[in-house]
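Here the structure comes first, spelled out in structure tokens, and everything after it is commentary.
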Protein chains: 2
Amino acid sequence: MKPKLENVAKAAGVSTATASQVMRGAGRISEATRKRVLAAAKDLHYVRDGRAASMRSGENREIGFAIHQIANPFNAEVISGASDMLESEGYLLSVLDSRDDVARQRRNLEAFIQSSRGGLLWVPAEDTDDATYDLLAAHGMPTVTFLRRSGRGRFDHVGIENHEAFRTATGHLADLGHRHIAYLGGSAQFGVRTERIAGYRAIMDERDLAAPIIWDTRDDKLSGLEAMLDLYARHPDVTAVVCNGDMVAIGACAAINMLGLTPGSDISVIGFDDIQDAAIAAPPLTTMAVSPYDLGRKLAKVALERIRDNDMPTSSVLVPAELVERETTGRPRGVNRQKRP
Amino acid sequence: MKPKLENVAKAAGVSTATASQVMRGAGRISEATRKRVLAAAKDLHYVRDGRAASMRSGENREIGFAIHQIANPFNAEVISGASDMLESEGYLLSVLDSRDDVARQRRNLEAFIQSSRGGLLWVPAEDTDDATYDLLAAHGMPTVTFLRRSGRGRFDHVGIENHEAFRTATGHLADLGHRHIAYLGGSAQFGVRTERIAGYRAIMDERDLAAPIIWDTRDDKLSGLEAMLDLYARHPDVTAVVCNGDMVAIGACAAINMLGLTPGSDISVIGFDDIQDAAIAAPPLTTMAVSPYDLGRKLAKVALERIRDNDMPTSSVLVPAELVERETTGRPRGVNRQKRP
DNA sequence: GACGCTTGATATAACGATATACCAAGATTG
DNA sequence: CAATCTTGGTATATCGTTATATCAAGCGTC
């Protein structure tokens, strides 16, 4: 049923070796036989068995992306960017979603190893244990971690300047006159959040603002909404929130609306990511922008270099985020309009 | 570097055949040697080469999902559902995104064939040509199409009762007293949209309402917003819109807000999908709900049956959608409150 | 003690492609 | 014209597993 190289070769009246060379465009083959083989292949709907090919040649042009959450529009954009870059170089990207579950992630990564994917883009799940990093390192899988850093420098990394970005975000609110600024979406011990929280704390400290408030929540709108309602009930003096992501921020804005208040004038909200929704939210969300598509391309580029030479020293790229002022940040009530510092 | 079965076998002092049997839990092996082999395997960080295994055994527990758009929260939920169902049966799901591009889809599907994935879940890209269906059929790939039907009955299908759902949606608006109802997100010739549009048209016709207006737009918020602005400029008499999806509907609501009007009282909007955003949008969106997670599970279940017996006659499952009334639909201005029929 | 039966393990041939080495025939050279 | 090169092609071992057949040893049975 499934045609193999042997069938193609027989149909074209050549050896499998010759057929193989034609299919790969390798070796020295006369134009006449080349055409004959190609015709036979098309005729039989031949598709080569990549397992056999990759086993023998040691090459695999399928790259894996192990990500913590597919359902996030930011991540989806990253995937698009990475995919485009890889495709332009003749590779292909398949995605496995761990949903931040370490057991599922383990299964996913083992599947990548089992199929000897050509390389691996990876956003490690929270609480990923060392054994998992060891596994990849032990198998010599060309790996680039993304966003969440770890693995003790054994892997390349592409990420965001989180610390600096949250200094900027918090600083922006402070500049506007806010003193009680909370951080929404914190708590987890993982690298990214601690970097971000550190940036937030640094400004709260340097500018001598009120005591930091870190409020936990997951990364989606509904959680952001609930967390904001909670926060407001417990800390009514908070006039501004820095959010761990746009999803949370948009949820928070929805909560503020539900409370009969207005984001930007009653409570200021600043997000992170600049997802498509941010610009068309009501009101449009002030946020820290990084281009996820470009980030994805960058990520893929680093991976390609690693794949081409697995002996290079590991590298690390951090991309800065940029403040995009829209309408959810403003002066707190009771602070007079004055020149910005 | 990469350990193979031979190394494990040698370390345990047995043959590769024995080691293989231990790793698979097959054959008759004494408890003592079983333990010795397992220990050796763990010791060497052994992970079996799935390519070789699947080549020899003809089995592959990695399932592919070829989808038209990862970045859609509805689809993301479907993926989660399918993934959970498959995992519970010891399979694993990897996702390739075609972004509705037929060339990219072709490459993706060929990759699935090359690696001989155990089965295939597939939302065909718009304008998929027959040759692509033929390709899968020719290779005997166990395939279930999802949402978009085609392939002339050669594949199992899981989908939504689109026609009936859009009769319900349009009927709901008609019941409220609307006469000028537009369809937002139409035009493409593909199955799903024509089914939906047919349902809409049927009601417009049966109830003797104004002439149908079909307005084209892509499936995201920004496009929905632009389309709604456009529609309003050209057809100011429209008092209600049925949308092809929640993303479009939410975009449309944003547009209505921008125009200084209120969704639900000035212009009614009804969506489709009931994504998470629908419930927390401002105002909350009336929509036709199907549970994407359950849909994903169902899809996976059908695929598993197909994988287990590829000679079964093909089946088709259509899941109904359900009206969820929230706040974006109401009586048109100027129509008196009256008993619902 | 020859016979069958069970248990635990092994030797070996696939699976489908590709890398390597090799070869025949014609063309080129000194 | 013998020696060398080029061209176009093939035979074969190999990648890492697993399925199949086979086998030796122990054990009971008549």
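Letters A, B, ... are given to chains in the order of the sequence lines, protein chains preceding strands, and every chain is numbered from 1.
Judged by distance alone, the side chains of A/K2 and B/S116 do bring a donor and an acceptor atom under 3.5 Å apart. Under the 3.5 Å distance criterion, with hydrogens and angles disregarded, a donor-acceptor pair is assigned to the side chains of B/R24 and B/S20. Looking only at atom types and distance, the side chain of B/S94 has a donor-acceptor partner in the side chain of B/E62 under 3.5 Å away. Side-chain contact, A/Q105 with A/T128: a donor N or O sits under 3.5 Å from an acceptor N or O. Between the side chains of A/S315 and A/R306, not a single donor N or O lies within less than 3.5 Å of an accepting N or O.
Distance CE (A/M23) to C1' (C/dA19): 18 Å, rounded to an integer number of Å. Between the C1' atom of D/dG16 and the NZ atom of B/K2 lies a distance of 10 Å, rounded to the nearest Å. In this structure, A/L5 atom CG and D/dT14 atom P are separated by 20 Å, rounded to whole Å. Note: CG (A/N7) to P (C/dG16) measures 9 Å, nearest angstrom. The nearest whole Å value for the distance from the CD1 atom in B/I29 to the C1' atom in D/dT18 is 13 Å. Atom P of nucleotide C/dT18 and atom NZ of A/K4 are separated by 14 Å, given to the nearest angstrom. Rounded to whole Å, the distance from NZ on B/K10 to P on C/dA11 is 12 Å. The CD1-P distance, from B/I113 to C/dG16, rounds to 15 Å in whole Å.
Within 4.0 Å of A/T18, counting heavy atoms only, lies at least one base atom of the nucleic acid.
Inter-residue side-chain proximity for A/L38 and A/R34 is flagged as met; some heavy-atom pair is nearer than 4.5 Å.
The phosphate of C/dA9 (OP1 or OP2) has a side-chain N or O of B/S30 nearer than 4.0 angstrom. The side chain of B/S20 contributes an N or O atom lying less than 4.0 Å from OP1 or OP2 of D/dT18.
Taking the ring centre of B/Y91 as origin, the terminal cationic atom of B/R61 falls inside the region bounded by 6.0 Å and 45° from the ring axis.
Of the residues in residues 31-57 of chain B, those lying under 4.0 Å from DNA chain C by heavy-atom distance are B/T33, B/M55, B/R56.
Nearest-nucleotide positions on DNA chain C for B/S15 and A/R28 put B/S15 closer to the 5' end.
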